[in-house]
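Just so it is clear, the structure is predicted and the values come from calculations on it, not from any experiment.
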Amino acid sequence: MVAPITSTELVQMEPKLILPAKFTLQAKTLATQLFHKEALPDKQGRVLNQPKYGEFEAYDAAEGIEVDNPQKLSTTNWTVEPTEIVAQFLLTDVAARVGGENHLSNAGRILGEAMAKKVDKKGLAIFKDGDAKGNAFGTTHALGTVGSNSATTTITVPHVNAAVARLEGNSEPTPKPIRMVLRAEQMRKLLNAVAPVSGTNAIYGGISEEVLKQYLKHDFKLFGLEGGFISPNVDRISTSSTPVVGDANTYAVGAIFSPESIWYVPVDAMTVEKERRMKARSWLYQASHTFGYGVYNEKWGVKMSFEAADPTS
């Protein structure tokens with residue numbers, strides 16, 4: 001029998017198609033957009049100082065009784081000290097020649113997105129960890145269960161109403177707007193409660209329809225909020241002894257807050273510099289950004305610590 005010529009013998013002659021590379025998608029940066037932004041001007045020191053006046057207290061006076069109770073006008077100073085983050089890649093001459101201009105521009109894009117993700121995660125982590133000086137939401141207002149029991153507490157619509165009420169009830173009024181940032185797993189619980197999409201309780205019109213429209217536009221006007229946002233850059237934590245992020249023991253810490261409660265203090269725009277590494281026949285590209293976050297008033301935010309396991313239905 002004559003042996004056939006198979007594709008194995010011709011493999012070296014086959015044309016090879018390489019599709020354009022795809023990028024790992026990154027979440028939209030929220031922290032720098034939702035928090036108050038106060039840039040530290042160039043050559044104006046390395047710490048932002050924000051003085052704040054105290055308040056006077058009026059008191060009852062009695063007719064015929066001399067008034068003699070002057071009060072002092074005092075100030076306090078709140079500070080944010082920015083720090084620097086960096087990311088680098090080293091591109092050899094050979095790689096640059098082989099990959100061409102697209103290779104360099106794609107690497108630059110990836111570098112920028114890595115920086116943006118780091119900035120966003122540091123900002124959203126304030127809900128959970130507080131800022132560099134130990135200021136954090138939760139001293140006055142916090143909902144859910146912080147710590148190991150958070151994974152057993154499910155967020156509900158009344159929790160959102162309660163958070164807004166706490167902010168509205170502050171003695172120093174909370175500046176508007178009031179916004180909410182959660183993980184998608186948590187937001188789903190609210191949507192299911194307000195706009196059930198299956199079973200005998202399914203509602204497809206009226207307020208439920210409006211809520212869903214607002215959710216898709218990130219434009220919540222419900223419960224006193226002006227903006228409800230979701231982000232995977234809000235970290236999930238597992239309380240299990242053998243941690244598996246996303247399992248039934250997972251929770252996350254979001255927040256309902258005024259933008260004025262947290263300040264984003266950039267010192268510069270993100271910069272990219274390159275340096276020739278002659279001995280390595282390469283170019284080093286480095287991105288850097290100096291910035292800080294600070295909790296200006298913890299009473300203007302509510303920590304929302306709730307279960308965030310992967311949904312199963």
Please confirm whether the backbone N or O of [Y] pairs with a side-chain atom of [X], one donor and one acceptor, at under 3.5 Å?
X      : Y      : value
Tyr293 : Val119 : yes
Arg183 : Asp235 : no
Asn297 : Ser261 : no

Residues pairing under ring pair (Phe, Tyr, Trp, His ring centres under 6.0 Å) where one sits in residues 70-94, two or more places apart or in two chains, turn out to be Trp78-Trp263, Trp78-Tyr296, Phe89-Tyr285
Ring pair (Phe, Tyr, Trp, His ring centres under 6.0 Å) pairs touching residues 113-144, sequence neighbours excluded, are Phe127-Phe257
Are the side chains of [Y] and [X] in contact, using a 4.5 Å heavy-atom criterion?
X      : Y      : value
Leu90  : Trp283 : no
Leu182 : Phe229 : no
Asp310 : Asp247 : no
Pro51  : Asn77  : yes
Thr290 : Thr83  : no
Val234 : Val181 : yes

When Ile262, Val295, Asn170 are each screened for side-chain contact (heavy atoms from CB on, under 4.5 Å) with Trp300, the one that passes is Asn170
So the salt bridge (charged side-chain N to carboxylate O under 4.0 Å, His left out) pairs with at least one residue in residues 158-171 (sequence neighbours excluded) are Glu168-Lys176
Residue pairs meeting salt bridge (charged side-chain N to carboxylate O under 4.0 Å, His left out), one or both in residues 45-54, sequence neighbours left out, come to Arg46-Glu81, Lys52-Glu172
Hits for side chain to side chain donor-acceptor pair (under 3.5 Å) against His289, two or more places apart or cross-chain, chain-then-number order -> Tyr264, Asp268
task = Could you give me the CA-CA distance, side-chain angles and deciding distance for Lys303 and Lys128, then say whether side chain to side chain contact (heavy atoms under 4.5 Å, CB included) is met?
result = CA-CA 8 Å; Lys303 177 184 293 189; Lys128 172 173 61 75; over 6 Å; no
- Examine the side chains of Glu273 and Gln286 and answer whether a donor and an acceptor come within less than 3.5 Å of each other. no
For Thr250 and Ser238, test the side chains for any donor-to-acceptor distance below 3.5 angstrom and give the result as yes or no. no
Tracing side-chain contacts under 4.5 Å among Ile, Leu, Val, Met, Phe, Trp and Tyr outward from Val47 reaches none
### Message
With a 6.0 Å cut-off (strictly less than), is the heavy-atom count around NZ of Lys118, excluding the residue itself, greater than 12?
### Response
no
To the nearest 0.5 Å, atom CD of Glu298 lies from atom CG of Asp131 at 11.0 Å
Which heavy atom in [X] sits nearest to a heavy atom in [Y], and how many Å separate them?
X      : Y      : value
Thr174 : Lys299 : OG1-O, 4.4 Å
Val86  : Ser288 : CG1-CB, 3.9 Å
Arg281 : Lys279 : NH1-O, 3.0 Å
Val302 : Ala163 : CG2-O, 3.7 Å
Gly144 : Thr153 : CA-CG2, 4.2 Å
Ile155 : Gln186 : CG2-O, 3.5 Å

